[in-house]
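Letters A, B, ... are given to chains in the order of the sequence lines, protein chains preceding strands, and every chain is numbered from 1. We use all heavy atoms of the structure for the numbers below, so side chains are in, but hydrogens, waters and symmetry mates are not.
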Amino acid sequence: MRKALTEILRQAIDKAITSGGLKTKIPPPVILEIPRDETKGDYATTLAMTLSSVEKTPPRKIAELIVENIEDREGILERLEIAGPGYINIFLRTGCWLEALKNAVSRGEQYGKLDIGEGKLVQVEFVSANPTGPLHIGHGRGAAFGDSLANLLRAAGYNVQREYYINDVGNQMETLGRSTYIRYNQIFDPGIPFMEDGYKGDYIKDIAKSIVSEVKDKYFRLPEGEAVPFFTGYAKDNILDGIRKDLEDFGVRFDNWFSERNLYDSGEVDSILKALKERGYLYEREDALWLNTTLFGDDKDRVVVRSNGQKTYFASDIAYHQNKFERKFNFIIDIWGADHHGYEPRMKAGVHCLGYPEERLKVILVQLVTLLREGKPVSMSTRAGEFVTLREVLDEVGRDAARFMFLTRRSDSHLDFDLELAKKESAENPVYYVQYAHARIVNIFRQAEAHGILPPSTEGADLLLLSLPEEIRMIKLIAAYPELIEASALALEPHRVTFYLQDLATALHNYYFHHRVITDDLSLTEARLILLQGVKQVLKSGLMIIGVSAPERM
RNA sequence: GCCCCCGUAGCUCAGUAGGAUAGAGCAGCGGUUUCCUAAACCGUUUGUCGGGUGUUCGAUUCACCCCGGGGGCGCCA
């Protein structure tokens, strides 16, 4: 719809230029907006105002000129108005909207699936929590966001891969192993003191217990150096299994789990350092090896090999990104917790050093979550090992509510997650509000069937019977759905889908309350069922993108 | 000190590729059910878009400065 209109306007401008009415050589892009106020048209454009300064002509005059040159070959325009300082307000014929509804319903589940991604290969890397403890609520937000973004991009026609990067090398793995080792020993001798910067969470004790049940006292009092690798491996695998399970129950499945260790084992880290050295980006200072990231906008250079010979995480991160690009992704999206934001310039500089344009790496920061219970913050402290896990939230509020809540804000703004609100079964809780709209429609279809009315076909029904303002409003929302998908995907903002769904649900509930779908008038009933079929489809499709179920009854 | 994000109705937040009278939910107040699910609906109240300057025909949106809140600034991850 928007496409056709844009074309009509573009041609009108071209025509005005050839006929000499407009002097500009470079026609401006046609921008169509949907006015807030329905009386101002289905679409509106500010073209005339934009052109006014170039043409040195009053905007309303230009608007007239454009309108005069418009040719509506397919007859989709009802009327045009020039309003305010020079808007061109465009009213479409109702038939266009009915056509759009028909199209939506006949495309079924394919409606809202676009091809703007052109099948391009995109990777979304998210969560990637270190395997040193269970996922907490902040990871949950990252998971909900990343997964929905991947769904969204897929709907827009991209070929999307979801990846989880496992930091299974380095100091913290060592710490994990030692913490587990000590907890294990403490089972046999409670007098043994715990280490200072160890992981204090109870889950480590649980892991130690399960080790005892498997191998008894095989490692008790064994020298630390000998024993720790086993504990590291065991604890890591155990925690990773838990993370996988949590994510699965959260409805998030990764296509690939990528191990940092593999980058070392395969020699990729060394070879990339060598390559960077050959390109002259590395230099030595104070016994350490530095990458000259300031060349590309970082505010200081970064160490890749420490003076003690240990490679930094940044070194493997560069190798990791090299690996990603070698896998032919057209672009890659890294989703990080907001606490990593200082890392972005250096990673982009790193990508630059690798010889890739940094536009191909998109970093999205997800702000932290404050957990509330009845409006009061729930204390969370990672240090003390007390934090609210994703598992606990899932168990308490359920997957649908949790996923929806995480997408009620843009990713870069703080999120207050109220446990009580998420559990409420009322209008305050937007999750049920939207789901209820879906369930209601399904119920109407059930009722219709009970009355012996079968789901009508789009060809057979007389859609002209849909003339109520509430009906037209819903049809317009349905018609706008593909545009919503496109805009959200391009902006990488799945939260827009959440907002849209609430609008659509509102329209549905309002309509439902004021009008009966199933009446003695069969033709009208059928037309309305077609409309509801469209609403249902779009609700379901949108909910699927944000990873929330569309229940058949509630 | 430097960098990033945020500041919009009483509360929580949308909205900005510059556009018309800035929106929603919640809270408040008042209503709706012999009728396809009331997990619903309707009505009503609320704004110096943190402040200032600039660019523009036009700024909540862009630029700069200031104020306030949060976060990040290690040969840590």
Touch class at under 4.0 angstrom, heavy-atom based, for A:Asp503 against every strand present: nothing
Sub-6.0 Å ring centroid separation between A:Phe126 and A:Phe145: no
A:Asn510 vs B:C42: side-chain N/O to OP1/OP2 distance below 4.0 Å: yes
Whole-Å P distance, B:G70 and B:U12: 14 Å
Sugar-phosphate, base or nothing in reach of A:Ala448, heavy atoms under 4.0 Å: nothing
Under 3.5 Å on both distances, the Watson-Crick or G-U partner of B:U48: none
B:U12: pairing nucleotide in any strand, Watson-Crick or G-U under 3.5 angstrom: B:A24
Pairing partner (Watson-Crick or G-U wobble, both distances under 3.5 angstrom) of B:C36: none
Touch class at under 4.0 angstrom, heavy-atom based, for A:Asn89 against every strand present: base
Protein-nucleotide distance (A:Phe499, atom CZ; B:U12, atom P), rounded to Å: 15 Å
Watson-Crick or G-U wobble mate for B:C75, both contacts under 3.5 Å: none
side-chain contact (heavy atoms from CB on, under 4.5 Å) between A:Glu174 and A:Val228, intermediate numbers included: CA-CA 8 Å; A:Glu174 185 71 16; A:Val228 166; 4.2 Å; yes
Sugar-phosphate only, base, or nothing, as touched by A:Glu286 at under 4.0 Å among non-hydrogen atoms: base
Closest nucleotide among B:G74, B:C36, B:C13 to the A:Lys300 side chain: B:G74
Shortest side-chain distance from A:His495, nucleotide among B:A40, B:G15, B:A77: B:G15
Gap between atoms OH and P, on A:Tyr500 and B:A24 respectively (whole Å): 18 Å
Sugar-phosphate only, base, or nothing, as touched by A:Ala437 at under 4.0 Å among non-hydrogen atoms: nothing
Selection from B:A40, B:A39, B:A20 that lies nearest to any side-chain heavy atom of A:Met554: B:A39
Any pair counted as salt bridge (charged side-chain N to carboxylate O under 4.0 Å, His left out), so long as it reaches residues 310-320 of chain A, sequence neighbours left out: A:Asp270-A:Lys311
Heavy atoms of other groups near A:Asn308 CG, more than 12 under 6.0 Å: yes
Options B:A77, B:A20, B:C75, nucleotide nearest the side-chain atoms of A:Ala83: B:A20
Interatomic distance, A:Ile31 CD1 vs B:G18 P [rounded to whole Å]: 7 Å
Residue whose nearest RNA chain B nucleotide is more 5′ - A:Val303 or A:Tyr512: A:Tyr512
Rounded distance in Å between the P positions of B:G18 and B:A59: 13 Å
Length of the CG-P vector between A:Asn171 and B:A77, whole Å: 6 Å
A:His451 NE2: over 12 foreign heavy atoms closer than 6.0 Å: no
Sugar-phosphate, base or nothing in reach of A:Ala439, heavy atoms under 4.0 Å: base
Interatomic distance, A:Leu371 CG vs B:U12 C1' [rounded to whole Å]: 16 Å
Identified pairing partner of B:C41, criterion: Watson-Crick or G-U wobble below 3.5 Å: B:G31
Same-atom distance (P) from B:C67 to B:C29, integer angstrom: 42 Å
From B:A77, B:C41, B:A39, nucleotide with atom closest to A:Phe513 side chain: B:C41
C1' atoms of B:C49 and B:A9, separation to the nearest Å: 10 Å
Of A:Arg302 and A:His509, the one whose closest RNA chain B nucleotide lies more 5': A:His509
Same-atom distance (P) from B:A22 to B:A39, integer angstrom: 36 Å
Inter-nucleotide P distance (B:G68, B:G51), Å rounded: 15 Å
Distance between P atoms of B:U53 and B:G47 (Å, rounded): 23 Å
P-based separation of B:A24 from B:A14 [nearest Å]: 16 Å
Flag side-chain contact, heavy atom, 4.5 Å: A:Glu33 against A:Tyr43: no
More than 12 heavy atoms of other groups within 6.0 Å of A:Arg553 CZ: no
Sugar-phosphate only, base, or nothing, as touched by A:His514 at under 4.0 Å among non-hydrogen atoms: sugar-phosphate
Under-4.0 Å side-chain N/O to phosphate OP1/OP2 contact, A:Tyr433 with B:C41: yes
Whether over 12 other heavy atoms sit under 6.0 Å from A:Arg302 CZ: yes
4.5 Å side-chain heavy-atom contact, A:Leu47 and A:Ile62: no
Identify each donor-acceptor pair in which a side-chain atom of residues 486-494 of chain A lies under 3.5 Å from a protein atom, sequence neighbours left out, and give them as a table.
residue	atom	partner	partner atom	Å
A:Ser488	OG	A:Leu484	O	2.6
A:Glu493	OE1	A:Arg496	NE	2.9
A:Glu493	OE1	A:Arg496	NH2	3.0

Distance, rounded to the nearest Å, where A:Leu477 contributes CG and B:A24 contributes P: 14 Å
Closest to the A:Gln172 side chain, choosing from B:A77, B:A39, B:C13: B:A77
Using atom names, set out every protein N or O paired with an N or O of nucleotides 2-7 of chain B below 3.5 Å, distance rounded to 0.1 Å.
residue	atom	partner	partner atom	Å
B:C5	O2'	A:Asp412	O	3.2

Interatomic distance where CG belongs to A:Leu282 and C1' belongs to B:C75 [whole Å]: 14 Å
Nucleotide B:A40, atom P - distance to CD1 of A:Ile441 in whole Å: 15 Å
Nucleotide nearest A:Asp416 (side chain, heavy atoms from C-beta), chosen from B:G15, B:U12, B:A20: B:U12
Watson-Crick or G-U wobble partner of B:U53, both distances under 3.5 Å: B:A63
Validation row, ring centre A:Tyr432 to ring centre A:Phe404 under 6.0 Å: no
Presence of donor-acceptor pair under 3.5 Å, side chain of A:Ser307 and base of B:C75: yes
Sugar-phosphate only, base, or nothing, as touched by A:His515 at under 4.0 Å among non-hydrogen atoms: base
Closest to the A:Val517 side chain, choosing from B:C36, B:A40, B:C13: B:C36
